[in-house]
Amino acid sequence: MGNYQNMQTTNQNVYGVNLKLLNAAVRFNALMLGLTAGTLAALITFFATHASIAKWGSDSGNYLSLLAIFFPGYSVTSGGAWVGAFWAFVYAGTSSALSYRLYGKVLGTRIADILLSTVPTENPVLKPSVLRLHGISLGLAIGAIAAVGLFCSTAWLVIRGTADQSVHAALFANYIPGYSVSILGGLLGAVELFALVFIACLLLATVYNKIVEFRHRQS
Amino acid sequence: MNRPVRDHEILSAVFAKMDVMAMTVAAGVLCSLLLFLATATLLLQDVPQDYPVGPHLRDLSNYLPGYGVSWVGALVGAFYGFIGGALAGFAAAVYWNLTHYVALGVMLISAAELAD
C-alpha cells in the first residue's frame, strides 16, 4: 500500500494528475480505436471487393483496382480481397491510433473534465460513465492525420511518376480548390482538407454531445 | 483552471462507454450532409452545355439505386448517406464498447490469476 502511494506521488505533476496513468490510458484507448477502425476498414474493403466481383464479374476492377497503387498486391479477386483487408487494417488502424494519441495530447490533463458526460463513478470499470467528444481536439487530431494522408498519397503518385495519369486523384480539385497531383498541390490540398475535416469533426461532436446531453440529462 | 484529477476520474474517461444511439445519429447526419454537399458542389459549378456533370460520382448509382448528380439525386443521396453513416456509426460505437468490455475482461482475469 505504501509503495502504491509512493508511486502515485512520484507520478503526479504539479496539478496532482497521475501522468503515468494518464499516458497509459491514452495508449490503451489509441490501441482500442486502432483495432476498431482497422477491423471496420478491413471488413468494408473485403465486402466491397466481393460485392464488385458479384455484380460485374470479370469486369469488376474499374475503380477499386486503383487501390493497388497504395495496397501492394491488391486486385479485385477473392485472393485480392484478403490482401486489401490486410492493408486497410494497417492504414486505418495506424492512422486511427495516431489520431487518438494526438487527441489525447491535445486534451491532456483535462481529459476527465471534457470526456465525461456524468459525474465520474467510484467504480469506473463496472459502472462506466458515458463518453463525450471534444470537437476542437477531435478536429485537430483527425484533420492533421487526414492532411498528412492526402499529402503523402499525392507525393507517392508524384514519386512513382504517374502524376499525369492520375485523373481520378485530380478530381479532388472539384472539392478542394487548387488541389493538383503535385507536391505544391498536395500541400495546398492538405491545408484545405484539414479545414474541411476540422469542420466535419466539430459537427459530429456537436450532434453527438447534444444527443448524449438530452439522453443522459440528470434530474 | 486546473484542479487535481483523481485516478478514478482518468479511469472513468478511459472506460466511458460510447452512446450508440448518439453516434449512430451523429454519423448519419454527417454522412448525409457530406453526400448532399458533394453532389451540390458539382451541380453549382459552371460546365459547358451538354457536358456530363459528375460522371464519376454518378457511378454511385451502381450501389445506391435512384441516386444521380441532380438536385433530386442529391436528396436521395442525403437519404442514403444517412443510412450508410448511421450503420457505420452504429458499428463503430458497438465495436468500441465491445473492445473495451473484452479488454476489461482480460484485465480482470489476469488480475485474478495474479492474485492467486
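Letters A, B, ... are given to chains in the order of the sequence lines, protein chains preceding strands, and every chain is numbered from 1. Just so it is clear, the values below take in all heavy atoms, side chains as well, and ignore hydrogens, waters and symmetry mates.
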Report which part of [X] has an atom under 4.5 Å of a heavy atom belonging to chain B: side chain, backbone, both, or neither.
X	result
A:L204	both
A:L22	both
A:L33	both
A:K210	neither

Heavy atoms of other groups near [X] [atom1], more than 12 under 6.0 Å:
X	atom1	answer
B:F90	CZ	no
A:F172	CZ	no
B:L87	CG	yes

Contact between [X] and [Y] at the side-chain level, heavy atoms closer than 4.5 Å - yes or no?
X	Y	answer
B:M23	A:L133	yes
B:T41	A:N174	no
B:L30	A:V207	no

Inset, instruction - Output yes when a side-chain donor or acceptor of B:Y95 lies under 3.5 Å from a complementary backbone atom of A:L40, and no otherwise. - result: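 Flag not set: sc B:Y95 to bb A:L40 has no pair under 3.5 Å.
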
Legend entry - chain A contact via B:L98 - which portion, at a heavy-atom distance below 4.5 Å: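 Neither part.
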
Inset, instruction - Let me know if B:L34 has heavy atoms under 4.5 Å from chain A in its side chain, its backbone, both or neither. - result: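 For B:L34, there is no contact with chain A at all, as no heavy atom is under 4.5 Å.
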
Legend entry - Aromatic ring pairing B:H56/A:H168, orientation class (parallel under 30°, perpendicular over 60°, tilted between):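 Perpendicular.
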
Inset, instruction - Could you label the plane-to-plane angle of the B:H100 and A:F28 rings as parallel, tilted or perpendicular, counting under 30° as parallel and over 60° as perpendicular? - result: perpendicular

Legend entry - Which of B:D19, B:L42, B:D59 touches chain A most, by non-hydrogen pairs under 4.5 Å: B:D19

Legend entry - Contact summary for B:M18 and A:L131, nearest pair of heavy atoms: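 Answer, listing the atom of B:M18 first, then A:L131: CE-CD2, 3.9 Å.
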
Legend entry - Where B:A26 and A:Y208 come nearest, the two heavy atoms and their spacing: CB-N, 3.8 Å

Legend entry - Spatial distance of atom CD1 (A:I199) from atom CG (B:L33) [nearest 0.5 Å]: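 So the CD1 of A:I199 and the CG of B:L33 are separated by 11.0 Å.
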
